[in-house]
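Encoded as structure tokens, the structure appears first; notes follow it.
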Amino acid sequence: MMLQVKQLKVKGFEVVVVGRDPSSNLHAIIAVHSTKLGPSLGGIRMWPYRNEKEALQDVLRLATAMTKKAAISGLQMGGGKAVIIGDPGKDKTRSLLHSMGELIDSLQGEYIAAKDSGILPKDLDIVSEKTGHVTGTTAKQGGSGDPSLSTAKGILVGMQAACKFVFGTKNLKGRVVAIQGVGHVGWNLGNLLSQQGAKLLVADLQPLRVKRAQRSWNASIVPLAKIHQVPADIFAPCALGGILNASTIPHLRAKIVAGGANNQFLDEEQDPYRMMKRNILHVPDYVLNAGGLIHLFVREILHQRRLVPWILNIERTVHQVLSASFQKQLPPLVVANRMALQKLELS
Ligand code: NAD
């Protein structure tokens, strides 16, 4: 076996491993943040990180968010995540995915994999040839497939709760929503919003995806650098993290920010307060985008079919977070973090 596994000691994390396999070009990191509530479940992200430090920073933030996501959603799951350093368009080979499967298997079920950006259910099928600790494989391989539609459904009901809070009505008809990234989550969300009569503005790195959105929803295309600044009722970040920061927040013109991207704040200490000062309501991403995790938990861990009541819970949780935030005059993220921590401590 060519796979080399190195353990890193990172404060606050149960396990962090770096896996390298020169024969398949795998360079990946798995971070298990917490298994207090159950085994850690989280997606594998494949992205052309510039170096291992950048990848490590991303995986640690993503894994921490998974712990909070599972806890606040009432799931008996822990938090973990994996990243592969590489371009999914060029570097994703069968042998690299096999090495990734071996790396996951080395953790003996403490980390259960799923998809994230750059990884598809059919890639997980290949990973599952080397380990049983994978969810979200295709139906052919016995899995429940891509959970992105469930993620989008959860975002929709959470957005409705936020609209009720800000505009006094859940109705999305005629609301202007700017979507950054129309990939798996953004595309499903756009479909649902379009069915509700929302007016959509979109941006994506991939021109074919914005063209498809324009054709299907009569969406307006916005330049990449402008999507967060357009006048809109809701800005929905559905690409990668860090979009809300000291440079972008002053230019936001939406009343609500609610989207699927993980870790939307670059600086989780300062940025939530910057949003509050601008009187823009931010729905914490890990509360809003829990539908995918819920899908995998219900279908593949509990082996149940009925997802709807679980997804509708997101609306209730968003309402609780926003109400407490208003009462305590604290940013919604600070309130959600306290609620998640309380659930972890009480378990
Ligand atoms: P994806 O890779 O399918 O889609 C992301 C899209 O964003 C792509 O079309 C990409 O071209 C575009 N993009 C990247 N950078 C951009 C930029 N700067 N400006 C505009 N567009 C940009 O990924 P996905 O599965 O849709 O996930 C999107 C986000 O949601 C990620 O942060 C992911 O972690 C999070 N998330 C996904 C799920 C899920 O079920 N898929 C669940 C929870 C959270």
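The shortest heavy-atom contact between Leu200 and Ser194 is CD1-CB, 4.1 Å. Between Ala261 and Ala239, the closest heavy-atom pair is CB-O, 3.5 Å. Pairing each heavy atom of Val185 with each of Cys238, the nearest pair is CG1-SG, 4.4 Å. Of all heavy-atom pairs spanning Pro231 and Leu201, the tightest one is O-CD1, 4.1 Å. Considering all non-hydrogen atoms of both residues, Ala82 and Ile30 come closest at CB-CG1, 3.9 Å. Between Lys343 and Ala71, the closest heavy-atom pair is CD-O, 3.0 Å.
Residues Ile314 and Ile294 are in side-chain contact: their nearest non-hydrogen atoms beyond the backbone lie under 4.5 Å apart. Residues Ile179 and Phe235 are not in side-chain contact: their nearest non-hydrogen atoms beyond the backbone lie 4.5 Å or more apart. Residues Lys68 and Asn337 are in side-chain contact: their nearest non-hydrogen atoms beyond the backbone lie under 4.5 Å apart. Looking at heavy atoms from C-beta onward, Lys226 lies in side-chain contact with Gln229 at the 4.5 angstrom threshold. Looking at heavy atoms from C-beta onward, Leu8 lies out of side-chain contact with Val15 at the 4.5 angstrom threshold. The closest side-chain heavy-atom distance from His282 to Leu244 is below 4.5 Å. Proximity of Leu120 to His184: side-chain heavy atoms (C-beta onward) are separated by under 4.5 Å at one or more points. Contact annotation: the side chain of Asn263 approaches that of Glu268 to within less than 4.5 Å [non-hydrogen atoms, C-beta and beyond].
Side-chain atoms of Asn245 come within 3.5 Å of backbone N or O of Gly242 as a donor-acceptor pair. At distances below 3.5 Å, at least one donor-acceptor pair connects side-chain atoms of Ser106 with backbone N or O atoms of Leu103. With Glu102 contributing its side chain and Leu3 its backbone, the two residues share no donor-acceptor pair below 3.5 Å. Remark: the backbone N or O of Gly136 is paired with a side-chain donor or acceptor of Glu300 at under 3.5 angstrom. Between the side chain of Ser73 and the backbone N or O of Leu75, no donor-acceptor pair lies under 3.5 Å. Between the Arg278 side chain and the Pro250 main chain, a donor and an acceptor come within less than 3.5 Å of each other. Using modelled atom types, no side-chain atom of Arg209 and backbone atom of Gly181 make a donor-acceptor pair closer than 3.5 Å.
With rounding to the nearest 0.5 Å, the separation of CD in Gln304 from CG in Leu307 is 9.5 Å. Lys69 NZ to Leu288 CG: the interatomic distance, rounded to the nearest 0.5 Å, is 9.5 Å. Of the inter-residue distances, the one linking Met77 atom CE with Leu37 atom CG reads 9.5 Å to the nearest 0.5 angstrom. Leu26 CG to Leu97 CG: the interatomic distance, rounded to the nearest 0.5 Å, is 9.0 Å. Separation of atoms CZ (Phe165) and CG (Leu322) is listed at 5.5 Å; rounding is to 0.5 Å. With values rounded to the nearest 0.5 angstrom, Asn25 atom CG is found 11.0 Å from His27 atom NE2.
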Between Val32 and Ser40, is a side chain to side chain contact (heavy atoms under 4.5 Å, CB included) present by the stated rule, with each step listed?
CA-CA 6 Å; Val32 176; Ser40 71; 3.8 Å; yes
Please evaluate residues His228 and Gln180 with respect to the criterion side-chain hydrogen bond (donor to acceptor under 3.5 Å, both in side chains), reporting the C-alpha separation (whole Å), side-chain torsions for both, the decisive distance (0.1 Å), and the verdict. CA-CA 8 Å; His228 65 282; Gln180 180 186 45; 5.6 Å; no
task: Evaluate the criterion side-chain hydrogen bond (donor to acceptor under 3.5 Å, both in side chains) for residue pair His295 and Ser150; output intermediate values, then yes/no.
output: CA-CA 6 Å; His295 171 113; Ser150 298; 2.8 Å; yes
Go through it in stages, so that I can follow the logic: the residues are Leu172 and Ile234, the test is side chain to side chain contact (heavy atoms under 4.5 Å, CB included), and I'd like the CA-CA distance, side-chain angles, deciding distance and then a yes or no.
CA-CA 10 Å; Leu172 289 162; Ile234 305 172; 4.2 Å; yes
(request) Determine, stepwise, if the pair Ser148 / Asp146 fulfils side-chain hydrogen bond (donor to acceptor under 3.5 Å, both in side chains). (result) CA-CA 6 Å; Ser148 305; Asp146 179 10; 2.5 Å; yes
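Of the N and O atoms on the side chains of Asp21 and Ser23, at least one donor lies less than 3.5 Å from an acceptor on the other residue. Looking at Asn262 and Asn289, their side chains do bring a donor and an acceptor atom within 3.5 Å of each other. Residues Trp217 and Asn191 bring a donor and an acceptor atom of their side chains to less than 3.5 Å of each other. Defined by atom type and a distance below 3.5 Å, a donor-acceptor pair is missing between the side-chain atoms of Tyr273 and Asp267. The closest side-chain donor-acceptor pair between Ser34 and Thr67, if any, does not fall under 3.5 angstrom. In this model, no donor atom of one side chain and acceptor atom of the other lie less than 3.5 Å apart for Glu110 and Thr35.
Cation-pi geometry between Arg212 and Trp187 is satisfied (NZ or CZ under 6.0 Å from the ring centre, within 45° of the ring normal). With a 6.0 Å cutoff to the six-membered ring centre and a 45° limit on the axis angle, Arg175 counts as a cation-pi contact of Phe167.
Cluster membership for Ile227 and Val257, using ILVMFWY side-chain heavy atoms within less than 4.5 angstrom, is shared. In the hydrophobic clustering of ILVMFWY residues, with side-chain heavy atoms under 4.5 Å counting as a link, Ile155 and Val283 come out together. Ile280 and Val177 fall within a single hydrophobic cluster, where Ile, Leu, Val, Met, Phe, Trp and Tyr side chains are chained together by heavy-atom contacts under 4.5 Å. Neither Met276 nor Ile243 shares a network with the other; the hydrophobic side chains, linked directly or stepwise wherever heavy atoms of I, L, V, M, F, W or Y lie under 4.5 Å apart, form separate groups for each. Leu62 is not connected to Leu341 by any chain of hydrophobic side-chain contacts under 4.5 Å among Ile, Leu, Val, Met, Phe, Trp and Tyr, and they are in different clusters.
Checking each of Lys81, Arg50, Arg45 against Asp58 for a salt bridge (charged side-chain N to carboxylate O under 4.0 Å, His left out) leaves exactly one that passes, namely Arg45.
A 6.0 Å sphere centred on CZ of Arg338 holds no more than 12 heavy atoms belonging to other residues, nucleotides or ligands. Counting heavy atoms of neighbouring residues, nucleotides and ligands inside a 6.0 Å radius, atom CD of Gln329 exceeds 12 of them. Applying the 6.0 Å contact sphere to NZ of Lys36 captures more than 12 heavy atoms from other residues, nucleotides or ligands. By the neighbour-count criterion of 12 heavy atoms within 6.0 Å, atom CG of Asn279 is sparsely surrounded, having that number or fewer from other residues, nucleotides or ligands. The number of heavy atoms from other shown groups lying within 6.0 Å of CD (Gln4) is above 12.
By the ring-ring contact (aromatic ring centres under 6.0 Å, His included) test, Phe13 pairs with His33, sequence neighbours left out. Listed by chain and number, the residues in a side chain to side chain contact (heavy atoms under 4.5 Å, CB included) with Ala152 are Asn188, Leu189, Leu192 (sequence neighbours excluded).
For residues 123-137, the pairs satisfying side-chain hydrogen bond (donor to acceptor under 3.5 Å, both in side chains) are Lys92-Asp123, Arg94-Glu129, His98-Glu129, Asp105-Thr131, Asp125-Thr138, Ser128-Gln141, with sequence neighbours left out.
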